[in-house]
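Note sheet for the following structure.
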Amino acid sequence: MKDNKLIAEFMGYDTYESNGYIMVRYSDNNERTLQDTHYHSSWNWLMPVVDKCFDTHFEYSDDFIFLLNDALLTTNIDEVYKAAIEFIKEYKEI
């Protein structure tokens, strides 16, 4: 679930702890527990993340863009999720 938190924060959503749960605030009227996020299991959740990865393409990130492209070609959600996580981690380092 920590990777889903990383994605939520990359997407610009606030995260906070409440009553022992990590919460994600999507809007004033839409908050979910981290366990209720589905970046790892739903293409509808994951593809906007992939789009943002491509939109935030940064200098020297070609290896990670190729990794993401290769993962997309597999059509395996687990591979795309892992590639997106690697991209985000690298992005945070810069």
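The distance from the OG atom of Ser41 to the CD1 atom of Ile77 is 6.0 Å, given to the nearest 0.5 Å. Rounded to the nearest 0.5 Å, atoms CG (Leu6) and NZ (Lys89) are 7.0 Å apart.
With sequence neighbours excluded, the residues forming a side-chain contact (heavy atoms from CB on, under 4.5 Å) with Met11 are Ile7, Tyr13, Pro48, Val49, Lys52, listed by chain and number.
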Is there a side chain to side chain contact (heavy atoms under 4.5 Å, CB included) between Glu90 and Leu67? Walk through the geometry before answering. CA-CA 12 Å; Glu90 181 68 17; Leu67 179 69; over 6 Å; no
Side chain to side chain contact (heavy atoms under 4.5 Å, CB included) evaluation trace for Asp3 with Tyr39: CA-CA 9 Å; Asp3 289 335; Tyr39 298 110; over 6 Å; no
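Residue pairs meeting the side chain to side chain donor-acceptor pair (under 3.5 Å) criterion with at least one partner in residues 74-86, sequence neighbours excluded, are Asn4-Tyr81.
Counting heavy atoms from C-beta on, the side chains of Thr15 and Leu34 never come closer than 4.5 Å. Looking at heavy atoms from C-beta onward, Ile65 lies in side-chain contact with Phe54 at the 4.5 angstrom threshold. In this structure, Glu9 and Asp14 have side chains that are not in contact, with every pair of non-hydrogen atoms separated by 4.5 Å or more. Looking at heavy atoms from C-beta onward, Thr56 lies in side-chain contact with Phe10 at the 4.5 angstrom threshold.
Closest of all the heavy-atom pairs between Leu68 and Cys53 is CD2-CB, 3.6 Å. Across all non-hydrogen atoms, the minimal contact from Arg32 to Asn30 is NE-OD1, 3.8 Å.
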Cut-off 3.5 Å, no hydrogens considered: what does the side-chain donor-acceptor table look like for residues 16-25, sequence neighbours left out?
{"from": "Tyr16", "atom 1": "OH", "to": "Glu31", "atom 2": "OE1", "distance (Å)": "2.4"}
{"from": "Arg25", "atom 1": "NE", "to": "Glu31", "atom 2": "OE2", "distance (Å)": "2.7"}
{"from": "Arg25", "atom 1": "NH2", "to": "Glu31", "atom 2": "OE2", "distance (Å)": "3.2"}

